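Have a look at the structure below, then the notes.
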Number of protein chains: 2
Amino acid sequence: MKLSKKSAYALKALACLGSPDTPPLISIQELARRENIPKKFLEQVLLALNKAGLVQSNRGKAGGYALRGAPAGITLGDIVRAVDGPLSPLPCANPLAPVKCADCASLEHCWLRILMTEVGAAVNTALDQTTLADICRRAEQSKRSRHVRAPMYEI
Amino acid sequence: MKLSKKSAYALKALACLGSPDTPPLISIQELARRENIPKKFLEQVLLALNKAGLVQSNRGKAGGYALRGAPAGITLGDIVRAVDGPLSPLPCANPLAPVKCADCASLEHCWLRILMTEVGAAVNTALDQTTLADICRRAEQSKRSRHVRAPMYEI
DNA sequence: TTAATATCTATTAAATCTATAGATATTAGA
DNA sequence: TCTAATATCTATAGATTTAATAGATATTAA
């Protein structure tokens, strides 16, 4: 379960979109600047998020991006799946569109496939426990905590 | 959470070592043949498993490998970690040996790091629920089910 | 009409994973 | 003691995936 750069950028971008400090519509360029993400790469990330319905875009001058749904309704799993595709441990272990492995004789009786299907389900479930709302809360907190001084002892 | 070939081979090899059809000591060559794994690659896998203490080896002629501990005491997580290293979503999210990311300013206040540390913990926990004993049981079952005829309806 | 924007496809660059190669060390048995 | 079969180790080639960049087109407010 390595987090790809793409997913990491997606998380940062969405956290930014969900921040109270962000205008209702923000351009790729500005988003890239704020989150320190390569602009052209962020482009692709937002494209994927848009296709998955997690954000909405306005084209043309003064265009930009905004969240599409409520942060509480978007899970960490949704985000990762949107940019990296289904997070199945093996191609054959995707419950929706299983792809037979080269060396496996039968999908049917492969214990590794069955095991990994369960593992994949567990991972998906784990990632779906956290919502974008949670993520935004954390981001705000750490933003705040970075501004305060080191704690001092009161007498 | 993609399963590397290395991990997949490790699982197959260990399942084979835990099978009643396997002699108490089996050579790499024979193991590679039985599980259809490139021999030189399997070599590296077994080396890692040995270093992690999951198997034991005898060198010299008539040497080979065997399980070191009881299958019920070895988890799926142990196996994957043994061959692929700690399965942390980000280098900085490894609770034991956190490695600062290039673009992250501080380990301390990075919400992504904290979030991913929790995700990593969840994934580890999930993988540690399944033991090699479970895996061996599944492997035996699927071995058996492959030998029986298609089910027929009894009257 | 222009300038700023999103969209799309392709390509290059870098990193990682998979596999192979070739050497050395060890040991049972002839 | 020698030989053959084995594990161990390090290096490297080959393949695949990921990350980043490039350059075009489409859209829209002003």
Side-chain angles (χ1 to χ4, degrees), chain A residues 1-10 12-13 17 23-33 35-52 54-66 68 80 83-91 99 101-103, chain B residues 1-10 12-13 17 23-33 35-66 68 80 83-85 87-91 99 101-103:
Chain A
M1 171 68 224
K2 255 194 308 193
L3 190 78
S4 69
K5 277 274 198 297
K6 218 173 168 184
S7 282
Y9 290 157
K12 288 187 173 181
L17 289 183
L25 210 63
I26 184 174
S27 71
I28 295 179
Q29 178 150 4
E30 175 61 12
L31 199 44
R33 193 190 61 73
E35 297 299 327
N36 196 33
I37 300 172
K39 185 189 152 196
K40 293 298 275 184
F41 199 10
L42 180 57
E43 230 181 83
Q44 299 177 48
V45 171
L46 288 168
L47 228 47
L49 292 176
N50 200 352
K51 283 222 174 83
L54 303 189
V55 299
Q56 53 188 303
S57 69
N58 282 6
R59 299 181 68 163
K61 195 165 179 177
Y65 281 92
R68 183 179 293 274
V80 174
V83 297
D84 285 338
L87 40 84
S88 165
L90 291 174
V99 174
C101 308
D103 57 337
Chain B
M1 172 67 225
K2 256 194 306 193
L3 190 77
S4 67
K5 277 275 197 293
K6 218 173 169 184
S7 283
Y9 291 157
K12 286 186 175 182
L17 290 183
L25 209 61
I26 185 175
S27 72
I28 295 179
Q29 179 149 7
E30 175 60 11
L31 197 46
R33 193 190 61 73
E35 297 299 327
N36 196 34
I37 300 172
K39 185 189 153 197
K40 292 299 275 186
F41 200 11
L42 180 58
E43 231 181 82
Q44 299 176 48
V45 172
L46 288 169
L47 229 46
L49 292 176
N50 200 353
K51 283 221 173 84
L54 303 189
V55 300
Q56 54 188 304
S57 68
N58 282 6
R59 300 181 67 163
K61 194 166 180 176
Y65 281 93
R68 183 179 294 275
V80 174
V83 298
D84 285 339
L87 41 83
S88 163
L90 291 174
V99 174
C101 307
D103 58 337

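What you are looking at is a predicted structure, and each value in this text was computed from that prediction instead of being measured. Numbered from 1 within each chain, the chains take letters A, B, ... in sequence-line order. Any value given below was found using the heavy atoms of this structure, including those in side chains, with hydrogens, waters and symmetry copies removed.
Atoms CG and SG, on A:Leu90 and A:Cys101 in that order, are 5.5 Å from each other to the nearest 0.5 Å.
Of all nucleotides listed (C:dC8, C:dT20, D:dT21), C:dT20 comes nearest to the side chain of B:Phe41. Among the nucleotides D:dC9, D:dT21, D:dA26, the one closest to the side chain of B:Leu47 is D:dC9. The side chain of A:Lys61 lies closest to D:dA29 when the candidates are D:dA29, C:dA19, D:dT8. Nearest to the side-chain atoms of B:Ala62 among the listed nucleotides D:dT21, C:dA19, C:dA28 stands C:dA28.
In the interface, the side chain of B:Gln44 is paired with the base of C:dT20 through a donor and an acceptor atom under 3.5 Å apart.
The distance from atom OH of B:Tyr65 to atom C1' of D:dT6 is 10 Å, rounded to the nearest whole Å. Rounded to whole angstrom, the span from the CG atom of B:Asn50 across to the P atom of D:dC9 amounts to 8 Å. With rounding to whole Å, B:Asn58 atom CG is found 15 Å from C:dA25 atom C1'. Residue B:Gln29 contributes atom CD, which lies 16 Å from atom P of D:dA4 at whole-angstrom precision. To the nearest angstrom, P of D:dT17 lies 13 Å from CG of A:Leu90. The distance between atom CD of A:Glu43 and atom C1' of D:dA20, rounded to the nearest whole Å, is 12 Å. Atom CG in B:Leu49 sits roughly 14 Å away from atom P in D:dC9 (whole-Å rounding). One can place CG of B:Leu46 at 8 Å from P of D:dA7, the figure rounded to the nearest angstrom.
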Quick one: which protein N/O atoms are closer than 3.5 Å to N/O atoms of nucleotides 13-16 of chain C? Pair and distance per line, please.
none

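Sorted by first and then second residue, the salt bridge (Lys or Arg N to Asp or Glu O under 4.0 Å) pairs with a member in residues 48-63 of chain B form an empty list; sequence neighbours excluded.
Other residues, nucleotides and ligands contribute only 12 or fewer heavy atoms inside 6.0 Å of the CD atom of A:Gln29.
The side chain of B:Tyr9 contributes no N or O atom lying less than 4.0 Å from OP1 or OP2 of C:dT18. Side-chain nitrogen and oxygen atoms of A:Ser57 include at least one within less than 4.0 Å of the OP1 or OP2 phosphate oxygen of C:dT7.
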Item checked: Full working for side-chain contact (heavy atoms from CB on, under 4.5 Å) between A:Asn50 and A:Arg68 -> CA-CA 9 Å; A:Asn50 200 352; A:Arg68 183 179 293 274; 3.8 Å; yes
Next item on the list: Test B:Ile37 against B:Leu31 for side-chain contact (heavy atoms from CB on, under 4.5 Å), laying out the working first.
Entry: CA-CA 8 Å; B:Ile37 300 172; B:Leu31 197 46; over 6 Å; no
Notebook entry, point to check: How far apart are the C-alpha atoms of B:Lys39 and B:Ile28, what are their side-chain angles, what is the distance that settles it, and do they pass the side-chain contact (heavy atoms from CB on, under 4.5 Å) test?
Noted result: CA-CA 7 Å; B:Lys39 185 189 153 197; B:Ile28 295 179; 3.9 Å; yes
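Within the nucleic acid shown, A:Gly63 comes within 4.0 Å of sugar-phosphate atoms alone, with no base atom in reach, counting heavy atoms only.
A:Leu49 and A:Ala10 get closest at one heavy-atom pair: CD1-CB, 4.1 Å.
When each of A:Lys40 and A:Ser7 is assigned the nucleotide of DNA chain D bearing its nearest heavy atom, the one mapping closer to the 5' terminus is A:Ser7.
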